[in-house]
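Here is how names work: the chains are called A, B, and so on, in the same order as the sequence lines, proteins then strands, and each is numbered from 1. Nothing here was measured: the structure is a model prediction, and the numbers come from that model.
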Amino acid sequence: MEDVFVIDVNKLTKKFGAFTAVDSISFKVKKGEIFGFIGANGAGKTTAIKMLCGILIPTSGDAVVSGFDVYKQSEKIKKNIGYMSQKFSLYEDLTVRENIKFYAGIYGLKSGVIKEKTEFILDSLRITEAGNRLIKSLPLGWKQKLAFSIASIHNPKIVFLDEPTGGVDPLTRRQFWKMIQSASENGITLFVTTHYMDEAEYCNRISMMVDGRIAALDSPMNLKEKIKADTMQQVFIKIASQRVILN
Amino acid sequence: MKRFIGFVKKEFKHILRDYRTLLILFGMPVVQILLFGFAIKNEIKDSKIAILDRSKDYITEEITNKLLSSGYFLLYENLKSEDYIESEFRKGIVKEVIVFEEDFAKNLFGEGKSGIQIIADASDPNYANMLINYTSSIINDYLNTLHTGHNIQILINPEVKMIYNPEIKSVYMFIPGLMAVILLLVSSLMTSISITREKEFGTMEVLLVSPLKPLQIISGKVIPYVFIAFIDALIIIFMAKYVFAMPIEGSIILLILESVLFITTALTLGILISTISSSQQIAMMSALGGLMLPTILLSGYIFPIENMPYVLQLLSNLIPAKWFVIIVKAIMLKGLGFSYIWFETAVLVITNIVLFVISIARFKIRLE
């Protein structure tokens, strides 16, 4: 079967005045792939994600996301992607059900579908009894899983996760990655940034960003082999500190 | 459109669920008006005065009676000599002393003039000023009633005349300004806080990534506050009319329309603030320091603009509330129609358009 690429980036660049945040990056992401985006703070990850989500116009280069051009068709891109940020992006003073209903509503879901989806989400997260509780009363782990379910409520082709596991305990993080893996099995493409190198192991492929460029791009296994390291942690430190370019 | 309605509904939920903010939104106008209306009074009532009457003739007696029967003054003491004047003031009870010269009536009819001295405690300058104005106008009034066959010169001649607010009721002066301040507070402070809250909690990013357009996001955040500010405006007008019996001489519809115009101006200011601020605190400080303070000081709400240095007078033109206060006073107190306030209205409309264009441009830049 031929690979279908849902993200196709070619020499994408973003400059803020004299500062180049993203410097001519190129990569392709396959349908259903878990694509890890790793780099130090300020390496340009967030800028790259914003461009792919259609909320930031690139300075030069091309990017096609789920078949749509980031320059001209950002509105269409927005309908086909989900987004979850490190802050979980739920409204603390609304209940679980209200949050689901609100986000489903802004993606234009019909009220019948919204009801169905709400029950499905509550059921699969096993939090039906908490449906009418305010978000602020929920444990962090629940919020995080709920935020992910909501980010994919409109059946997006791609879900962007910007440091989705910040501040969450290891056990919940593992459960969360199971959710990600099952989404991937259902054909959803996941574009994840993270600081946790053990999570990087879960990704099909890793792109490591240093100073706005992609310093390395391969599967975790191959990266470890190439750099002669035992863990992703070592890979990351070597590449980030020695500026090793593997491409 | 359905998405947008859902968004506005969510916004209302935020507001209705936060009972503290609700209390501020609807309690504040009521409390402020009651405070300004009842507690802070600029008018004079039962002020204690002392009189030193060296003449004790029928004219001085009549003037004294006129003063005391006015309701503004209470006689605290009849002084025996001027030695007592200073000690009387020092006690702090008497705010004004009136001294009639010797042979008051005789001089008045014989030479055509006689002297009267009004001494006021100017440690509270505004109050002293008012006392003197009240006193001299009562005396002048009396002199005018004396027949003029004797060729009477007017003794003290600060002709004081209060038009539009003949009883100089301070409530009438405060309410237009208060209306501006409260509408500004609700509209700009609250909207700028609620927009920056989304930024702080990271929900703004999600909204931006969603199919909602930036203009929809902004107007969705703003619409609930239009309603609330509108209700506040009605509360203020209602209280002005029924609690303080303030006249609404002009068209109430015009008054309401002008209020809506001012509300939108304040909202665009709020949006502008939210585009500059990254956190709720910064938004609050900018709204309070950057909007409320200049509004209170320069809108003519408390301090008359005509008495300000020229530079500040020029500066006051930049304060939207100044124009709104002029409009409200014109409609409520003078009963003027639109043809008299079209200029002020035009200023607000233009301010509105300029601010709106800047805010939207800034909001888009912020995305980058």
Within a reach of under 6.0 Å around [atom1] of [X], are more than 12 heavy atoms found that belong to other residues, nucleotides or ligands?
X      : atom1 : value
B:I253 : CD1   : no
A:K101 : NZ    : no
A:F120 : CZ    : no
A:K31  : NZ    : no
B:F12  : CZ    : yes
B:F26  : CZ    : yes

Is it true that A:E98 and B:R17 have a side-chain N and a carboxylate O under 4.0 angstrom from each other?
yes
Which bit of [X] is near chain B, if near means a heavy-atom gap under 4.5 Å: side chain, backbone, both or neither?
X      : answer
A:L109 : backbone
A:Y107 : both
A:S111 : backbone

Name the member of A:G82, A:A151, A:G108 that forms the most heavy-atom pairs with chain B at distances under 4.5 Å.
A:G108
Distance check, rounded to the nearest 0.5 Å: [X] atom [atom1] versus [Y] atom [atom2]?
X      : Y      : atom1 : atom2 : answer
B:K9   : A:F102 : NZ    : CZ    : 12.0 Å
A:D93  : B:F201 : CG    : CZ    : 8.0 Å
B:E198 : A:S89  : CD    : OG    : 11.0 Å
A:Y103 : B:S210 : OH    : OG    : 8.5 Å
B:E205 : A:F160 : CD    : CZ    : 13.5 Å

Determine whether B:H14 and A:L94 make a side-chain contact, defined as any pair of heavy atoms from C-beta on separated by less than 4.5 Å.
yes
Which heavy atom in A:I106 sits nearest to a heavy atom in B:P211, and how many Å separate them?
O-CD, 3.9 Å
Would you say A:K78's side chain and B:L208's backbone share a donor-acceptor pair under 3.5 angstrom?
yes
Do side-chain atoms of B:R3 reach the backbone of A:G105 as a donor and acceptor pair under 3.5 angstrom?
no
Quick one: of B:I5, B:L207, B:D18, who has the most non-hydrogen atom pairs under 4.5 Å with chain A?
B:L207
